[in-house]
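The structure is given below, and queries will be raised subsequently.
Small disclaimer: the values here were computed from a predicted structure and weren't measured.
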Amino acid sequence: MNDIIYLVPTFGIVGLLYTAWRFSWVSKQPAGNAEMQKLSGYIADGAIAFLKAEWKVLAYFAIPTALLLFWLGSDEGTPEHPIHSSPLIAVSFLIGALLSATAGYIGMKIATKANVRTAEAARTSLSKALDVSFTGGSVMGMGVAGLAILGLGGLFIAFYNIFAQGQALTSDEMKTAIEVLAGFSLGAESIALFARVGGGIYTKAADVGADLVGKVEAGIPEDDVRNPATIADNVGDNVGDVAGMGADLFGSYVATILATMVLGQEIEVTDNYGGFSPVLLPMLIAGVGLLASLVSTFFVKIKSETSSVQNALNLGNWVSIIITFITSYFLVKNILPETLNLRGFEFTANGVFLAIVVGLVVGALMSMITEYYTAMGKRPVLSIIEKSGTGHATNIIGGLAVGMESTVLPILILAAGIILSYKSAGLYGVSIAAAGMMATTAMQLAIDAFGPIADNAGGIAEMSQLPPEVRERTDNLDAVGNTTAATGKGFAIASAALTSLALFAAFVGIAGIKAIDIYKADVLAGLFVGGMIPFIFSALCISAVGKAAMEMVNEVRRQFREIPGIMEYKAEPEYEKCVAISTEASIKQMILPGAIALITPVLVGFTMGPEVLGGLLAGVTVSGVLMGIFQSNAGGAWDNAKKSFEKGVLIDGVMYYKKSEPHKASVTGDTVGDPFKDTSGPSMNILIKLMSIVSLVIAPYIAVHTTDVGATFEKKIIPIVKSIKNIPADAKVTVVTKRVE
């Protein structure tokens, strides 16, 4: 293997150096007055308390799982059917879990520093507020991508040297190295699921409680300091939309690269890199994508109060895509040989580049479509606003319709992307398309994370009773942040669909099955059960939010009732009790949905076999992608419909503002949409990838071992026949068989 592999962890180190530099810059910005710093401290303390409680529970999961993987990795199989794994898969799993948790921690830490500094910057100008909030987001984006590339590249080098030094890419030793590396992705995705679900339950329980009692019943503004749930609500933005998202995209990033590497390991080529170019390419694309994202962060600027924040973010996104497009061409042409072959499908280096382009285009189109369905001023959000004029029920109907309609174009684009990338470079093309799409993850995450920072900044501004123009600026950023959060989720679910297909193809190869035959009753049953899992998973998540929100509502009502002087600013609410409710509820309720994703593939695989498990994965993937798009877009549209009332909306020729009846209807819709867009919806992409990765890890243990009849005749039967008949050993023998019905 060529020394070029050492570029991969170097890219990761560059990303982490940028992270440290920009983290330091944010920390040096003014943090506002004493009241602002006190409120920011409450939020930071609540976020740290939640992460500590979550990590304690996750340790109880991670250690037994690592021991189980150690035991499974010790099984070498039989001489006829060896299992290519190692006890080191447990170490790989723990490193993946640790780095995933670290990615979430970095995001949460910078967000709780940037929020109050953004609020203070908003006292100066919108431009300065964008600088601080987006730089905070870029710290998270670069930190996540840097950790992922450093961890994956470093472990690949280590496992190559341990298991396969000097061996060919297609050797059994390299199969072992890649299988052990899959443990890294399993650890990352496992923690991501719990972090996303737990954080989502936390943030939405607090948000729903704060909205229903504060805005609807008490008639006080969002994030009012008198609302006992407002600190928990702002903590939730950090543990759910920031820490949870960081762990989420860390896992997605790793899984996408790994899926391409698993398929690339099957390709035998002659190149200048010892035959390793098919597995080097996805890691190098991720590396240059990180550099492209780094450069593009400097393009996110605005000049005046009337400049479009959305356009500035879009410019940064497009710069990262264009740079990745150009550099990928030179990478492909200089690394891959002219022709390659995977499972009988022959393709070219040009075909691989075309597949990368398909991935970039699909990612861009998914973001644009999601923006259309969730942004203010567009037809879908305006239709929900119009229906708010006739009440709460019609608002709900309008939001559900928008969410369902929003699945059509993304699915058609995904389908076209799958077909085009497959025609370009087979299954390797599908996986490299996903890798191309995820190459700009650092920039996507920077755009995504800036939203919760701006939301927190608005909350601090409201609670600190800063001048109205400060809240106007933070609301401007927050409204754009709602849209970017939705586009980020659309991007994540699109990449998950392509990645899951690549992981599915890798699973089929390792499990030894040729096809998934839905004419078989048990396979069809598996397909239906798989299609059901995203529904029960979503039900558990939404139900958990509902239970925790009920406790939150009762606690907020109790404090308004029993603590005199809250409404007159004469007494401070007991914020810590609301924080405790969200923390306890989220930790308890995240376990069952996570267990379904982890245990179901194991049970089905070991009891029903790999083909039924393949049917299950197909059902989960299709149903999960649809549910993810529907819920995320419906929730985002409801949210921005509510936000539109802050500047006034026109319904049937009449202007309506906050506290009007249509606004109250929009608050109800937003409350329903909260668990859709921030709990169950974004968890879908982790669910489908995690189940595929679990299946990939157990594939060697449930593999179907078929006997090659022709090879058996040639190696064993024919020599015996020749010796009996005194036929020369070098004579050609033709075997004629007759099929008996």
Practice problem: Check for a donor-acceptor pair, side chain of D248 on one end and backbone N or O of G251 on the other, with a separation under 3.5 Å. | Solution: no
Exercise. Verify, without hydrogens or angle tests, whether S277 (side chain) and L336 (backbone) share a donor-acceptor contact under 3.5 angstrom.
Key: no
Exercise. Check step by step if side chain to side chain contact (heavy atoms under 4.5 Å, CB included) holds for Y160 and Q167.
Key: CA-CA 9 Å; Y160 169 76; Q167 300 297 317; 5.8 Å; no
Exercise. Quick one: pull up CD1 in I453 and CZ in R117 and give me the separation to the nearest 0.5 Å.
Key: 11.5 Å
Practice problem: Would you indicate whether the side-chain heavy atoms of F184 and L258 approach each other to under 4.5 Å? | Solution: no
Self-check item: Side chain S431, main chain Y428, donor-acceptor under 3.5 Å
Solution: yes
Self-check item: Test item: S421 side-chain N/O and I418 main-chain N/O as donor-acceptor pair under 3.5 Å
Solution: yes
Quiz item: Looking only at heavy atoms, which two atoms of V697 and A182 are closest? And how far apart?
Solution: CG2-CB, 4.2 Å
Self-check item: Y253 versus M438, closest heavy-atom pair with distance
Solution: CE1-O, 3.1 Å
Quiz item: Cut-off 3.5 Å, side chains only: do S320 and S293 have a donor facing an acceptor?
Solution: no
Quiz item: So, T256 side chain and S252 main chain: donor-acceptor pair closer than 3.5 Å or not?
Solution: yes
Self-check item: Heavy-atom check, side chain of V239 versus side chain of E54, under 4.5 Å
Solution: no
Quiz prompt | Main-chain N/O of F50 paired with Y202 side-chain donor or acceptor, under 3.5 Å | solution = no
Self-check item: Pairwise side-chain contact, L99 with V254, heavy-atom cut-off 4.5 Å (strictly under)
Solution: no
Quiz item: Taking M691 as the fixed residue, which of I688, V694, L687 is the one that meets the side-chain contact (heavy atoms from CB on, under 4.5 Å) rule?
Solution: L687
Self-check item: Point-to-point distance, once rounded to the nearest 0.5 Å, from CD1 of I157 to CD1 of I162
Solution: 12.0 Å
Practice problem: Determine whether more than 12 heavy atoms belonging to other residues, nucleotides or ligands lie under 6.0 Å from atom OH of Y60. | Solution: no
Practice problem: Kindly assign one of parallel, tilted or perpendicular to the pair Y18 and W21, based on the angle between their ring planes and the thresholds 30° and 60°. | Solution: perpendicular
Donor-acceptor contacts under 3.5 Å from residues 353-366 side chains, at least two apart:
none

Exercise. Can you sort out the partners of F23 under ring-ring contact (aromatic ring centres under 6.0 Å, His included), two or more places apart, ordered by chain and number?
Key: none
Exercise. Would you indicate whether F61, at its atom CZ, is surrounded by more than 12 heavy atoms from other residues, nucleotides or ligands within a distance under 6.0 Å?
Key: yes
Quiz item: Are the side chain of N334 and the backbone of F330 linked by a donor-acceptor contact shorter than 3.5 Å?
Solution: yes
Quiz prompt | Residue pair P410 / I629: nearest heavy atoms and the distance that separates them | solution = CB-CD1, 3.8 Å
Self-check item: For G624 against M684, the heavy-atom pair lying closest together
Solution: O-CB, 3.4 Å
Quiz item: Once you round to the nearest 0.5 Å, how far does CD1 of I321 lie from CD1 of I326?
Solution: 12.5 Å
Exercise. Hey, could you give me the CD1/OG1 distance between I533 and T621, rounded to the nearest 0.5 Å?
Key: 10.5 Å
Practice problem: Any chance you could measure I95, atom CD1, to L98, atom CG, to the nearest 0.5 Å? | Solution: 8.0 Å
Practice problem: Identify the heavy atoms of K113 and S27 that sit nearest to each other, and give their distance. | Solution: CD-OG, 3.5 Å
Exercise. Go through the steps for I432 and I285 under the test side chain to side chain contact (heavy atoms under 4.5 Å, CB included), then give the verdict.
Key: CA-CA 9 Å; I432 204 71; I285 287 175; 4.1 Å; yes
Self-check item: Audit row: N314, E371, side chain to side chain contact (heavy atoms under 4.5 Å, CB included) steps and yes/no
Solution: CA-CA 11 Å; N314 288 343; E371 179 183 339; 4.0 Å; yes
Quiz item: For the residue pair F156 and F276, does the interplanar ring angle fall in the parallel (under 30°), tilted (30 to 60°) or perpendicular (over 60°) class?
Solution: perpendicular
Quiz item: Is there side-chain contact between Y105 and I48, with heavy atoms separated by less than 4.5 Å?
Solution: yes
Quiz prompt | Distance, nearest 0.5 Å, that separates OG of S86 from CD of E179 | solution = 10.5 Å
Self-check item: I335 vs I4 side-chain heavy atoms within contact, under 4.5 Å
Solution: yes
Quiz prompt | Residue pair L598, F194: steps toward the side chain to side chain contact (heavy atoms under 4.5 Å, CB included) verdict | solution = CA-CA 11 Å; L598 288 162; F194 287 113; 4.0 Å; yes
Quiz item: Is the shortest heavy-atom distance from the side chain of T135 to the side chain of V300 under 4.5 Å?
Solution: no
Self-check item: For the student: nearest non-hydrogen atoms of P534 and M627, plus distance
Solution: O-CE, 4.1 Å
Self-check item: Any side-chain heavy-atom pair of L313 and F450 under 4.5 Å
Solution: yes
Quiz item: Is there a donor-acceptor contact under 3.5 Å from the side chain of K689 to the main chain of N685?
Solution: yes
Quiz prompt | Donor-acceptor contact present, side-chain T327 to main-chain T324, <3.5 Å | solution = yes
Exercise. For the residue pair N317 and S296, establish whether any side-chain heavy-atom pair is separated by less than 4.5 Å.
Key: no
Quiz item: Looking only at atom types and distance, does a side-chain atom of S424 sit under 3.5 Å from a main-chain N or O of L420, one as donor and one as acceptor?
Solution: yes
